[in-house]
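Remarks on the structure that follows.
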Amino acid sequence: MERIKFSPPLYKQRYYFVIDLIMKSQPKKVVDLGCADCSLLRKMKFQQCVEELVGIDINQQVIRENMYLLSPLPCDYLNPRIRPLVIKLYQGSLIEKDPCVKNFDMASCIEVIEHLELSMLEAFSNVVFGYMTPHTIVISTPNADFNQLLLGLTGFRDRDHKFEWTKTEFQNWALDICVRYEYSVTFAGVGSGPAGTEDVGFCTQIAIFTRMPARNDRWPNSNADCDDIHSYKLLHEVKYPSYCDKNIFENALINEMTYWTEKIKKHFLNSTEQGDTKNNVQHDQESNEDVSWCSRSMEKHCVNWSVCKSADGYLEVQKHGDTIHIPLDQLFTILEVKKICSSVVRLKEALLEIEQFEIAGDNLVVCICDNEK
Amino acid sequence: GIYRSGIEFNYTVKIKKAPLAPGAAAAVPPAETEQLGRGRQKRSTGAAVPEEIITISAGFQQMTIGERGGRRRDFHDVGVNTRQAIEHVQESKMGVSGAPIELRANYFRILSRPQWVLYQYHVDYNPPMESRRLRSALLLKNEDLLGTTRTFDGSILFLPHRLPNTVTEFVSETRDGQTVKITLTLTNELPPTSPVCLQFYNIIFRRVLRILNMQQIGRHYYDPNDPKNIPQHRLMVWPGFSTSILRYEVSILLSLDVSHKVLRSETVLNLMYQLRQQCGEAKFEDVCTKELVGLIVLTRYNNKTYRIDGIAWDQTPNNTFSKNDTSISFKNYYKTQYNLDITDNNQVLLISRVKKSGPGGRPLGPALLIPEFCYLTGLTDKMRSDFTIMKDLSAHTRLTPEQREQRLDSAAKAEMANWGLQFDNKLLSLKGRVLPPEKISQGGKIYEYSPWVADWTKEMRGVQLMSTQPLEDWMILFIRRNSDCAYSLVQFLGKVCSPMGIRIQKPIMIEVEDRHDSLMRALQQNVTSSTQMVVCILPNNRKDKYDAVKKFLCVDRPTPSQCVVARTLSKPQAMMTVATKIALQMNCKMGGELWSVEIPLKQLMIVGIDCYHDTTAGRRSIAGLVASLNQGMTRWFSKCTIQRPGQEIIDGLKYSLQVALKAWFRHNNCLPSRIIVYRDGVGDGQLQSVVSYEVPQFLECIKALGEDYNPKLSVVVVKKRIGARFFAKIDGKLSNPPPGTVVDNEVTRPEWYDFYVISQAVRIGSVSPTHYNVVYDTSGLKPDYMQRLTHKLCHMYYNWSGIIAVPAPCQYAHKLAFLIGQSIHREPNPNMDELLYYL
């Protein structure tokens, strides 16, 4: 028999499994129980749906050594998230309660329970299913049935493992949990053996628990009495830049608006300079003349090829004396603006709040008088 | 695909081949057991670092410990000790002339430092373990013995405490259950001043910066929370610091300087769209390559910077690469790895050659990057030459001495104490000297300049030049629209030339059409071997036209030429000044001399060297060498060589030096008895190669001229871009020190014969001193003389009637290499060698 080699490596397959689950159920608050060197958290942070990410581990050293890997990258500042994200890392024991991780949307507990003494498992279940009560919990553990396929393995897969369960043992435990804490469970796994060994199951067995919808009614604030006991120690907290932060939002909007208005202004000045020599445009007159140059130049510059087709029309700009009016709904066709503001209404509200912009009706008013003069 | 891709994708190799430890059997140990066990393994970032075997207890000087565990380039040239070989500076390398001045420098003394003695252990595995990760894991299982503070690079372990025994043996077990005997042998005890301990201080300091939420980009740290936006150019400036803790002349100092990072708030893909719209489909590839190659990008998914080396026009996100023996498309890879969606599936990919070598020291293939996920950092050449961008930028980046001091103070006060490091809370005080102003002699007259201004444009006015070349057979080319400019230029040149002593005749006026070929044809038809000067009035500053003119007149028909953009001549009130400058420049280009300063040494040849590195496709380097021909340092011989593939820069320099010495012989009927080489263009960390490679080649080249020819040689490495800043307290305010300030103590390095000179004056911002490092010197010249000579040479650049920051031959060499690298791309005609045609 040949040594079984998993590709991608098994630990990665476990991560992908969790990530897939996040992509499907789009949780906002996620906790990784037993986060160790934070490598699963590092994958989770790329999920845009997640707004609060928490990692808990008993080993404070391993968290301290790796926590900066969860810091925002320089690009996270250049391209802020649309929704907020805060990451918190705690040192704590999974058999103790702390309100900081109560009622999350998802909890993962990957290759952790087998490191707990069987005697502690009861306390663990009580904390996770009875107190934290996340909507979804994904728990993985080695499948002892599979060990026969692992060449040269005697005893457990790791010296620190306190137990390794067979499929039946794991499922019995899980079903018992469901009855006691009103969860439902489905089973899955990663790492298949060679053909013909299907009945052994996966190398890693996984249970996905989901809280019963009616549960909350029957467990009203069951453990609220513990809520002022904080047993976890906060080691690290990092907030990612996002457009939900007022400063970042306003700065981004100012940048974008300044960029476009400068561009429009420049084109206007250029075109009138040329126009002067050609047919002496009377641009001093107060008139609502259609400044067609502007729509043309905007077509060229604002909307890049791929966007151009989907956006309906160009920026229609109107000139009033020495100002031009840019309709807000036109500005909203610019991709970057769309990204920063969710709607035209929001754009207007925001611009009204920022002093340097002048709004008239549904238009942004830009003064085109030459600054240098 | 043709290219292997991405740092991430380089882990396709299953068994990592690394050099084995000395004496290790060549047996292949079991590969890492990735398929089993507790999942949370660290990504194998460490595996990309080559595992070198280090000779124990030797070579400490060169060794640095990278923060991430690998070896890094020694940016501070710590290991290079050149002073020990220079006899006459063993006791002192300080000069004496000039008036003393109290200075401040951007260095901070370390008040308290951790009293660490580091213990160095060699770690042996039996059976030998190949994978560094595994070795590390096995060793660190014994945390109770080793403690949590340690550094381990795969074979050498540093501990802050001593183990009970000199040799410690214990047994560890792999996940497969294989037992491994590990032997730790104490090999060294490092005092707190050792380079390794200094590295630890640096690591601590950087950790603190990280805790302060600073972002590392490249080598420095920046604060992303306080960006300065320049929206009209889509630029962002992050303020930050460059830091290093090193051993200086008398003590260990923290060197701290303000640094700025320019970032662009748009992706490379966005920029590509814009370029395509601006230049059209046909020219897109060309323009795009020119604009992007050489730039540094940040990616959205990791903390690395990549240099763009090329563009893979045949690759899109739909292409696949192989990872773990399976092929995956870029699109899917980024979706599964980082949940990043690629919106444009037709974008071409960027190529970045990764310098680091892969497992076993094999070079990695180039990485392919997705433009949509890349953000540009820094400025392009085009932006640098855009006056408005630079003006808007400098509003944020130029700091007065006082602003600079405030920023530095705030950083030094950061909470280092908790980490066992504490710095003095004020800038280092030290003593410098201000050299007296030089006397400028010009056309029989001698004048002095105002010491604070360091400029003699006013004093020059109405004084005859030192020597002039007549303008008799010369021509002006222009297009019809600019004929007014052309005639006005002729008129004003007539006015300004005679007071300078330049004889001037009417030029041939040639009107050309505003077409490329029309101008070139006119040149071909009119320029003869007797033509003394060709003036081209260009309608705009388009580079291609300039390049074509220069190429023709430097290579095909060697003739001094002067290009003027028409706009420069459009303001009548400025015409006197403009015409004066043009007249001076033309005179120099034809072989005239403007002024001189007193150089007492006889038979001295000064050589200046600078390099230009072509960032575009060919990546050829161009070396300019400029050597003096006479006693007064007013005539120069210039040679430029283009590095051919597989050739070193020094090969070209050797040849240039040889022809320069021959030219000297022609002019002086003898060979120089002293040669001083000012070598500019040496990057951080390249000092060793200058010392051990270039200097011997210079010596060999000199020897080739005759057995008994034995001149005294000095080689001085010149560096402008350095972190040191000096301030003087003047009228109670922190200001720039006056021109001529020399610093040769405290912040110099004990292992070098080095000094700083501030020759130039700046009006805005903080002045940047120039660092001179004499790496080889058999001249026996006193340091004082070396310093003064260096400062004198900064007066001799004829394109600027004032003092410049580097010796004139370096600036000439820079100009020469730049012209060849930017415009001509060929070695110029030797007939031009004795003219400053590139000014």
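The analysis underlying the following values was restricted to heavy atoms, covering all of them including side chains, and did not include hydrogens, waters or symmetry mates. Labels below follow one simple rule: chain letters A, B, ... track the order of the sequence lines, proteins then strands, and each chain is numbered from 1.
- Neither the backbone nor the side chain of A:Pro142 comes within less than 4.5 Å of any heavy atom of chain B.
- Only the backbone of B:Thr299 has a heavy atom closer than 4.5 Å to any heavy atom of chain A.
- Only the side chain of A:Glu256 comes within contact range of chain B, with heavy atoms under 4.5 Å apart.
- The part of A:Met23 that comes within reach of chain B is its side chain, from C-beta onward, which places non-hydrogen atoms under 4.5 angstrom from that chain.
- Applying ring-ring contact (aromatic ring centres under 6.0 Å, His included) to A:Phe46 and the options B:Phe373, B:Tyr334, B:Tyr338, B:Tyr301 leaves one that passes, B:Tyr338.
- At a threshold of 4.0 Å, the pair A:Lys162-A:Glu114 does not count as salt-bridged, since none of the basic side-chain nitrogens sits closer than that to a carboxylate oxygen.
- Counting heavy atoms from C-beta on, the side chains of A:Asp76 and A:Leu73 come closer than 4.5 Å.
- For B:Gln232, the parts lying under 4.5 angstrom from a heavy atom of chain A are both the backbone and the side chain.
- Contact of B:Leu263 with chain A is made through the side chain alone, with heavy-atom distances under 4.5 Å.
- You'll find the side chain of A:Ile354 reaches within 4.5 Å of the side chain of A:Ile254, heavy atoms only.
- Stacking of B:Arg300 on the aromatic ring of B:Tyr375 is not recorded, the 6.0 Å distance cut-off and the 45° axial limit not both being met.
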